[in-house]
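Okay, so here's the structure we're looking at.
Below, chain A is the first sequence line, B the second, and so on; all start at residue 1.
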Amino acid sequence: MDKTANSAAVEGTFAVEILGAEISTELRKRIETLSGQKVMSCYQCGECTAGCPMAFAMDIMPNRVMRMAQLGCATPLLESASIWLCAGCETCATRCPKEVELSRVMDALREIAVTDGVRGRESDILKFHKAFLDAVHRHGRVHEVSMLARYKLATGKLFTDMILGAKMFAKGKLALKPNKVKDVDEVRRIFEQLGGKR
Amino acid sequence: MRYAYFPGCSLHSTAKEYEASTRAVCAALGVELQEITDWNCCGATSGHSLNHELSVALPARNLGLAEKMGADVVAPCAACYNRMRGAEQTMKTDSQLRQRINALLANPYGGGVSVLPLVQILANLGDEAIATAVKKPLEGLRVACYYGCLMVRPPKVLGFDDAEHPVSLDNIMRALGAEPADWHYKTECCGGSFSLTRSDLVEKLTFDILSRAKDAGADVVATACPLCQANLDMRQEAAAKEYGKELGLPILYFTELMAIALDLPGAKDTLKSHMVAASIGS
């Protein structure tokens, strides 16, 4: 391929990546409603990708997530690892020159993925979040030991971190008795009325 | 000064050192902490990751309880502070959501109290007040102050210190007689809740942060977040092994260093439960 060619030279080939995904406005509107963000404001400066601590592990770069959100490419976005690998560090939202909070867009994409039942990559991360919120629903507070147990059972990762866990236990860092909220019914009502699909 | 104290879930277990040192330091400096009765989990990362309205409602219940107490909320945990402060803002600006959430609460929130990070209420006492209370200055101790993400970002929501170059912890360390390290990874992410799900990523981020702290000549790292402390402390050995560089940096809560400098009884007891051993002072 002649990379210096600027004119419409016939010699060689010109590689174009074609995204085989549907383009629609429906996804963009859902994202805008959930996130409160003006998705079309993004002009692809790349500041978010440059500052993202998890970009090195992502399959779709943060700025490309925004572009695909603008175009409404639902399938690749909702199935991506990127939306689950976002750490919620808010570096993107802090630095965006157009004041777009990509962190909120990521939240919206996660919420849509769960609502639509999309089986994405990094399913263990979703299982963690569900184990965490189940613990909150149960006692009103997260009892770390039972939350850990639930997560490990759900993912089959029974033996990872066993040595670390033993050390933590020996140092008294894992409280066995759960701390409970007395008015846990109020917490559960919050989940029922606002918690969406769990 | 009386505050509605919100410990959050981890301060009663994995971050018990933070709770113990916070209570001791506040008592010594005349800051009254009254724990919010029957507080609930703020939702942390998992809340906002799965449902926006839930992530506002869970903290809002605590805000209503604090308003009934008539005191501003103080949260030592950076994540709790971040979620509660965000909920404070949302409840004040989104009237529709505020109504729907308040309808579910026995103690609705009307915007009468605010949320502050622990660092702020201690910093507000002033460097002189802290320096005066110091009995054993941390002379010769170089401290890398690690702020992490959620205590300073996003600035539009939090309005505390500086999102890129914060100094509040550095000032406290200076008041304690220590030397804050000059380093540039103060606000780089530790990986947060990926501690359990993708510890490989946390190891990389931990290594990136701690090797810079080490290169800046730090003897110890000071944190203000239970998850940052857990990641930098508990994943340190694995990170050092994985990336082939010795780290050996004790990771302490900034309040533990304060307790030691103020020479409070039992100040060094909390050091024992950390993974990376620390011996500060004599």
Pair B:Ser10, A:Glu144: side-chain N/O donor-acceptor within cut-off below 3.5 Å: no
For A:Thr155, which atoms come within 4.5 Å of any heavy atom of chain B: side chain, backbone, both, or neither? neither
Thinking salt bridges, do A:Glu122 and B:Arg198 make one under a 4.0 Å N-O criterion? yes
Please determine, among A:Met168, A:Lys157, A:Arg189, the option with the most heavy-atom pairs under 4.5 Å with chain B. A:Met168
Is it true that A:Lys167 and B:Glu237 have a side-chain N and a carboxylate O under 4.0 angstrom from each other? yes
Crowded around B:Lys68 NZ? As in, over 12 foreign heavy atoms under 6.0 Å? no
For A:Cys86, is it the side chain, the backbone, both or neither that has a heavy atom under 4.5 Å from a heavy atom of chain B? backbone
Bottom line for A:Ala87: the part with an atom under 4.5 Å from chain B's heavy atoms is both
Part of A:Ile112 lying under 4.5 Å from any heavy atom of chain B: neither
Engaged part of A:Met106 at the chain B interface, taking heavy atoms whose separation is under 4.5 Å: neither
Pick whichever of A:Leu148, A:Asp124, A:Leu164, A:Val145 has the most heavy-atom pairs under 4.5 Å with chain B. A:Leu164
Between A:Lys127 and chain B, with a heavy-atom cut-off of 4.5 Å, which part of the residue counts as in contact: side chain, backbone, both or neither? neither
Per-residue contact mode, A:Glu111 against chain B (heavy atom under 4.5 angstrom): both
Could you look at A:Asp161 and say if it's the side chain, the backbone, both or neither that has a heavy atom under 4.5 Å from chain B? side chain
Could you tell me which portion of A:Asp107 (side chain, backbone, both or neither) has an atom closer than 4.5 angstrom to a non-hydrogen atom of chain B? both
Toward chain B, the part of A:Val136 with a non-hydrogen atom under 4.5 Å: side chain
With salt bridge (Lys or Arg N to Asp or Glu O under 4.0 Å) as the criterion, how do A:Arg95 and B:Glu164 come out once you've worked through the C-alpha distance, each side chain's angles and the decisive distance to 0.1 Å? CA-CA 10 Å; A:Arg95 294 180 181 172; B:Glu164 303 282 5; 2.8 Å; yes
